[in-house]
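Here the structure is laid out as structure tokens; the discussion comes afterwards.
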Amino acid sequence: MAAGVAAWLPFARAAAIGWMPVANCPMPLAPADKSKRQDELIVLNVSGRRFQTWRTTLERYPDTLLGSTEKEFFFNEDTKEYFFDRDPEVFRCVLNFYRTGKLHYPRYECISAYDDELAFYGILPEIIGDCCYEEYKDRKRENAERLMDDNDSENNQESMPSLSFRQTMWRAFENPHTSTLALVFYYVTGFFIAVSVITNVVETVPCGTVPGSKELPCGERYSVAFFCLDTACVMIFTVEYLLRLFAAPSRYRFIRSVMSIIDVVAIMPYYIGLVMTNNEDVSGAFVTLRVFRVFRIFKFSRHSQGLRILGYTLKSCASELGFLLFSLTMAIIIFATVMFYAEKGSSASKFTSIPASFWYTIVTMTTLGYGDMVPKTIAGKIFGSICSLSGVLVIALPVPVIVSNFSRIYHQNQRADKRRAQKKARLARIRVAKTGSSNAYLHSKRNGLLTEALELMGTPEEEHMGKTTSLIESQHHHLLHCLEKTTGLSYLVDDPLLSVRTSTIKNHEFIDEQMFEQNCMESSMQNYPSTRSPSLSSHPGLTTTCCSRRSKKTTHLPNSNLPATRLRSMQELSTIHIQGSEQPSLTTRPLPTTSNESQGIQGKTKVKCHK
Amino acid sequence: MGAVMGTFSSLQTKQRRPSKDKIEDELEMTMVCHRPEGLEQLEAQTNFTKRELQVLYRGFKNECPSGVVNEETFKQIYAQFFPHGDASMYAHYLFHAFDTTQTGSVKFEDFVTALSILLRGTVHEKLRWTFNLYDINKDGYINKEEMMDIVKAIYDMMGKYTYPVLKEDTPRQHVDVFFQKMDKNKDGIVTLDEFLESCQEDDNIMRSLQLFQNVM
């Protein structure tokens with residue numbers, strides 16, 4: 001029942017008096033309305049903006065937050081109003097839903113924010129009115145695609161050591177950037193496709209004459225060489241196809257996919273040629289089969305994203321293309337008939353039959369105008385001109401639809417690529433910002449230990465290292481400290497791989513994350529006397545050397561082998577050690593890591609604490 | 001060529017203009033808003049308190065922002081309460097019972113007056129209102145055909161999927177029973193006095209009339 005109509009229920013019940021005299025039996029008792037509450041105004045305070053409405057308005061939808069007793073959880077006794085710490089803009093739409101029964105989706109609103117708010121208030125998005133539903137669904141679909149994209153690229157980048165050989169192979173095939181071997185394979189197959197296609201083309205070029213016979217095409221002159229080339233290409237393609245078939249997660253689905261069909265069609269002619277004998281009548285069919293070798297050029301679509309987009313566009317515009325084809329056919333038949341009958345009278349007319357006129361019509365409608373068939377009668381010329389004009393129109397109509405489809409898909413793809421490229425940098429920045437808190441923990445620990453050391457040295461010290469952390473931060477640090485004590489381990493970098501490998505080190509002292517990270521990075525780039533490799537898996541070697549070089553926390557012996565930046569940071573520490581009164585440039589210490597942005601964010605997070 | 005097209009279009013607009021004006025006039029008429037008389041007057045005329053009138057008006061205005069209900073809207077509103085059957089005929093009779101001045105639209109005053117009778121009126125008033133409902137042609141008498149129409153309309157509201165299934169002659173039987181009870185002098189029509197007398201004799205009817213006392 002619609003919202004406003006509920007207000008008319010008293011009227012409907014009153015009108016039921018009209019049935020009473022007609023009824024033969026007594027009526028059931030009416031339900032008693034125990035809550036004789038007068039309709040009252042309630043105040044909803046959403047982030048400071050006050051909305052007021054009747055209680056009955058909200059009670060129209062009892063299965064939502066506002067319509068049920070759930071809102072009592074948000075009741076503020078002091079101000080006698082319901083306070084919600086949510087977005088007032090979206091709340092406006094939600095409240096209008098109660099008032100009018102229609103939920104609208106404002107175009108300026110972000111789709112995920114809107115969804116979150118709806119979920120909070122317990123309203124199903126399906127109730128969105130027809131006026132806004134299409135827009136909502138479109139935006140939701142775009143968002144879902146983006147999420148799927150992000151998930152896909154995330155999955156691709158995760159290093160899952162538990163992949164089987166078959167799965168790694170499939171991943172290598174699908175995404176050549178995963179490893180160098182895949183890249184090599186990618187380029188080799190691309191090269192051979194190109195060779196094969198060029199071979200097919202050059203085969204037919206006339207190559208000079210053998211004395212005593214007519215001009216031969218190159219294919220027949222150097223038939224052995226071409227045959228060898230062809231064999232080599234086909235062997236590579238066959239091997240590739242078999243490898244893909246082996247690696248495919250679902251072999252049945254792989255066999256049915258378009259690319260695999262193209263592969264098969266590309267290599268079939270060769271094998272059929274091998275099998276068939278040099279029989280004269282069969283070789284005619286064999287020659288036709290060689291045409292299919294040109295399908296090898298479609299194998300390039302694995303290598304080119306633009307080709308794939310084009311294919312996808314054509315597939316998605318199938319209905320427009322179908323319409324184009326249908327209307328063209330209709331027009332061709334009409335005009336061919338007309339031209340035939342118009343030119344019937346003229347002598348030596350080329351328009352011998354209606355199908356013969358098809359050729360003229362097609363050539364004219366597509367504005368080619370070869371000129372091999374021209375009308376000679378006046379009527380023929382008139383209809384011919386009408387034909388060419390209408391041809392332009394008929395072809396021009398569906399083309400913009402196809403073009404806009406292509407452009408939309410192409411831009412979507414470009415945006416996806418851009419997002420993927422930016423994603424890495426973005427995630428790195430986010431990670432640095434998030435680890436700020438745990439870095440602060442390590443800093444504060446270091447501060448604490450330094451103050452201990454200073455006290456040990458006897459220099460009178462005021463709490464200059466002191467309360468730079470807020471209450472929340474100190475509580476968080478305390479929590480981390482408790483965890484360390486509980487497990488007997490200690491915090492390092494928050495890369496799961498590293499922490500797993502290095503947590504086995506029973507070194508209960510904390511290790512400076514920055515120094516560690518930077519150390520490992522720098523040493524991997526320089527001639528460090530240990531294993532050097534860009535991949536993470538070799539870090540244990542570095543780890544042990546890094547950590548073994550550490551002696552005591554407070555006295556870092558400057559080691560000439562170590563990279564200069566580490567030296568610098570250690571010098572700074574010793575500076576603080578000496579100059580006790582200096583304000584903790586520790587907290588604003590320039591990070592030895594490379595990116596300036598992380599420094600900026602670190603600085604910012606620190607400043608927030610001060611506030 | 002441009003001149004030809006120009007004269008063409010002007011001819012067409014000339015033809016279209018009178019009908020367009022008519023449509024605009026119609027629209028203007030329906031756009032006319034009706035505002036009810038003051039709250040105090042209505043309170044005096046009916047048996048409702050101010051608060052009750054406020055609640056009633058809010059509901060009324062929500063569904064009919066223009067201030068008047070026409071038959072179509074009335075039928076739609078009433079049909080929402082009986083989704084299984086066809087409430088249009090009964091709503092039609094109801095509309096004409098509400099529309100005392102037979103203008104084709106029910107204003108808030110009519111609405112509230114009728115509700116006042118139905119919910120807060122005396123037994124006499126209620127019965128007279130019901131008689132008025134049954135008397136479709138408003139001639140002061142109820143004959144069998146009118147009663148048949150009313151009873152059929154009531155059965156229509158039930159819809160097709162009932163248990164037991166509605167038989168063809170059930171309405172007719174119902175009407176016969178009714179006439180047996182109401183028609184004192186057996187002349188085939190029921191007058192207002194016969195109706196009032198018969199209803200007051202029947203306890204069931206008396207009791208059911210008090211059923212909706214607390215609807216507001």
Side-chain angles (χ1 to χ4, degrees), chain A residues 1-42 51-61 67 95-104 127 129-130 385-386 389, chain B residues 51-52 54-56 58-64 76-78 80-83 87 90-91 93-94 97-98 111 114-119 121 126-127 129-131 133-134 147 150-151 154 157 174-175 177-178 181-182 195 198-199 202-216:
Chain A
M1 213 156 58
V5 179
W8 284 65
L9 187 57
F11 145 71
R13 296 180 73 200
I17 287 184
W19 311 336
M20 300 303 144
V22 181
N24 292 333
C25 37
M27 292 287 135
L29 288 172
D33 187 11
K34 294 207 179 62
S35 62
K36 281 308 279 177
R37 252 187 339 197
Q38 293 283 6
D39 203 7
E40 46 166 351
L41 272 179
I42 58 178
F51 296 87
Q52 290 178 320
T53 183
W54 297 108
R55 183 175 287 275
T56 46
T57 310
L58 291 182
E59 284 167 1
R60 283 180 192 158
Y61 298 99
L95 198 54
N96 273 337
F97 166 60
Y98 286 90
R99 290 178 180 143
T100 60
K102 287 197 275 219
L103 181 61
H104 294 284
I127 330 182
D130 288 336
S385 41
I386 297 177
L389 285 175
Chain B
R51 259 189 185 262
E52 289 167 339
Q54 281 179 340
V55 171
L56 278 173
R58 281 209 302 272
F60 187 84
K61 181 92 181 173
N62 224 355
E63 264 325 284
C64 321
Q76 274 172 19
I77 294 171
Y78 203 72
Q80 304 234 12
F81 295 106
F82 304 99
Y90 189 72
Y93 299 133
L94 211 53
F98 268 76
F111 178 71
L115 270 187
S116 163
I117 296 175
L118 286 173
L119 297 176
K126 288 181 190 174
L127 285 174
W129 191 89
T130 316
F131 184 85
L133 171 69
Y134 294 160
M147 214 47 224
I150 297 274
V151 168
I154 294 178
M157 278 198 291
H174 209 120
V175 171
V177 165
F178 178 81
K181 207 168 32 171
M182 302 287 167
F195 184 73
S198 325
C199 285
D202 190 336
D203 281 334
N204 273 343
I205 296 178
M206 285 296 109
R207 225 175 330 182
S208 45
L209 281 180
Q210 309 304 319
L211 207 54
F212 299 107
Q213 283 290 78
N214 311 328
V215 164
M216 270 307 294

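Letters A, B, ... mirror the listed sequences (proteins, then strands); counts begin at 1. Side chains are part of it too, since the values below use all heavy atoms of this structure and drop only hydrogens, waters and symmetry mates.
Scored by the salt bridge (Lys or Arg N to Asp or Glu O under 4.0 Å) test, B:Lys126 finds no partners at all (sequence neighbours excluded). The side-chain contact (heavy atoms from CB on, under 4.5 Å) test applied to B:Leu94 returns A:Phe11, A:Ala15, B:Phe74, B:Tyr78, B:Tyr90, B:Phe98, B:Trp129, B:Leu133, not counting sequence neighbours.
Other residues, nucleotides and ligands contribute more than 12 heavy atoms inside 6.0 Å of the NZ atom of B:Lys181.
Proximity of B:Phe81 to A:Arg13: side-chain heavy atoms (C-beta onward) are nowhere separated by under 4.5 Å.
Ranking B:Ala114, B:Cys199, B:Ser208 against chain A, the residue ahead of the rest is B:Ser208, based on heavy-atom pairs under 4.5 Å.
Of all the heavy atoms in B:Leu118 and A:Ile17, the pair that sits closest is O-CD1, 3.2 Å.
Only the side chain of B:Met157 comes within contact range of chain A, with at least one heavy atom under 4.5 Å from a heavy atom of that chain. Heavy-atom distances place the side chain of B:Phe82, and not its backbone, under 4.5 Å from chain A.
The line from OG1 of A:Thr57 to CZ of B:Arg58 is 7.0 Å long, rounded to the nearest 0.5 Å.
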